[in-house]
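Structure record follows, encoded as structure tokens.
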Number of protein chains: 2
Amino acid sequence: MNVLTGGKLKLVQAGLRLITETRSLTSLGLRELAREAGLNPNTFYRHFKNLDEFGLQVLGYIAEDMKSGVRELRRMAASSEQASHDTVTFVYRYFQSNPAATTVAVRELHGPSPLLRRALEAQLNASAREMAEDIIDRQLVSAVPPETIHEISRMTIRYILIRAMDYIEKPEQRESIQLETERFINRQFRGAMLDNLSQTEVESLAQSRV
Amino acid sequence: MNVLTGGKLKLVQAGLRLITETRSLTSLGLRELAREAGLNPNTFYRHFKNLDEFGLQVLGYIAEDMKSGVRELRRMAASSEQASHDTVTFVYRYFQSNPAATTVAVRELHGPSPLLRRALEAQLNASAREMAEDIIDRQLVSAVPPETIHEISRMTIRYILIRAMDYIEKPEQRESIQLETERFINRQFRGAMLDNLSQTEVESLAQSRV
DNA sequence: ATTGACGGTATACACATGTATACACAACGA
DNA sequence: TCGTTGTGTATACATGTGTATACCGTCAAT
């Protein structure tokens, strides 16, 4: 059973609560977690062998959240050139409503624990693959080869995750973060359409439109 | 005087030594640092008021390193469409030869301390500004408006810093990281040249070249 | 009805941590 | 020459930490 209940759930949720703002997963203490969860320190051992295992469980706990959030990304792809404004807004709103999970993900993706880094990386790559295959299936950018779509998807997932952190922390910049994200994605795909053109060819194209 | 000497320098260098691999700046302890530096724990107080101040000093210490490294980025920009392979290689080699500074930067940019995050962000933005103004001055991508060049520069600096971490940690992927970085940059700028075209116009352009 | 697992608790130990106070000594300007 | 300033040290204290051992109720299965 992968579903968390009782004390185990309490501990994981306590971890998420503690992390927001000024903490990181790897900095949490066993006693600290138990205290926040309202449990005896030793109860921790009933559920986790050590803090590393706890960290992995937390990642697992937020994994579905993240997945469902990233799944919304596909909508954005579906309309990247038209209604992308609304869909990017939607994705960021999702992250905004899950600040703890977002913070954990961003922080541990570049954090000190190689174990957690690898785990998160695998999750992000899986999401990126899903996003890419969806774009390919729907033939949204048929002028771009599949491998390139995968590459851009990986970059986009990471970019959005990182900007989501800014989005949460800097309410006054939310609109511009949104717009920058849209431009980022459009430029990647549009640029990729010209991958096999030479520099001079691209320049002449650009100038012919001025 | 901003130059570090004696015990203060020892402590900062001890911090950099400890951080590599599995630590973060904010996780370092006062006694731990003194131990690594071969000093008495209390000597720490002679140089720093608290650990936050220590963190800022470390950032200051690596700031010139980072700056000079990022300054090399301009070379890449100068030849982004031609010899970019060699220049990106050069930049990553630079990060590779400063693994501690790179690790600190990546880790604290998304780390738990808002103070350090803001400080690093300011440094990166300054570097991005420098890079952008250089590109503008040399008229390397004259088809792209200045504000867009600034925006892409900010994205690029962050992208390269994060990939530099991968570059250091995954020797077998170095070549592909390099190539992906080149494509990232080219696509951003090429895509930006088409910013004011509609989706259908871009598609017809792409198809006309197949 | 007994057993055993499960989740939770209490107490205790050895150790590390940040910090305060006080001491030592070299360099140097008055 | 004396006092001050800068740098380093020793000792000590309260607190927090991970962990070990042992105890206790609940509940399900035998």
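Naming: A, B, ... by sequence-line order, numbering from 1 per chain.
For the pair B/Lys49 NZ and C/dT19 P, the interatomic distance rounds to 10 Å; values are reported in whole Å. For the pair B/Glu53 CD and C/dG18 P, the computed distance is 15 Å after rounding to whole Å. If you take CG of B/Leu30 and C1' of D/dG16, they are 15 Å apart, rounded to a whole angstrom. Distance CG (B/Asn50) to P (C/dT19): 8 Å, rounded to an integer number of Å. In this structure, the CG atom of B/Leu51 is 6 Å from the P atom of C/dG18, given to the nearest Å. For the pair A/Tyr45 OH and C/dA12 C1', the computed distance is 14 Å after rounding to whole Å. Look at CG on B/Leu11: it is 13 Å from P on C/dG18, rounded to the nearest Å. Between the P atom of D/dG6 and the CZ atom of B/Phe44 lies a distance of 18 Å, rounded to the nearest Å.
Annotation: of the two residues near DNA chain C, A/Arg31 and A/Asn40, the 5′-most nearest-nucleotide partner is A/Asn40. Judged by closest nucleotide on DNA chain C, A/Asn42 is the one of B/Leu28 and A/Asn42 placed further toward the 5' end.
For B/His47, a side-chain nitrogen or oxygen approaches OP1 or OP2 of D/dG8 to under 4.0 Å. At the phosphate of C/dA24, neither OP1 nor OP2 sits under 4.0 Å from any side-chain N or O atom of B/Arg46.
Of the candidates A/Val58, A/Leu109, A/Leu56, A/Val104, A/Leu116 forms a side chain to side chain contact (heavy atoms under 4.5 Å, CB included) with just one, namely A/Leu56.
Residue A/Glu147 qualifies as enclosed at atom CD: its count of foreign heavy atoms under 6.0 Å is above 12.
One side chain, A/Tyr159 or A/Arg163, offers a donor N or O that lies under 3.5 Å from an acceptor on the other.
Side-chain atoms of B/Leu25 and B/Phe54, non-hydrogen and from C-beta on, do get closer than 4.5 Å to each other.
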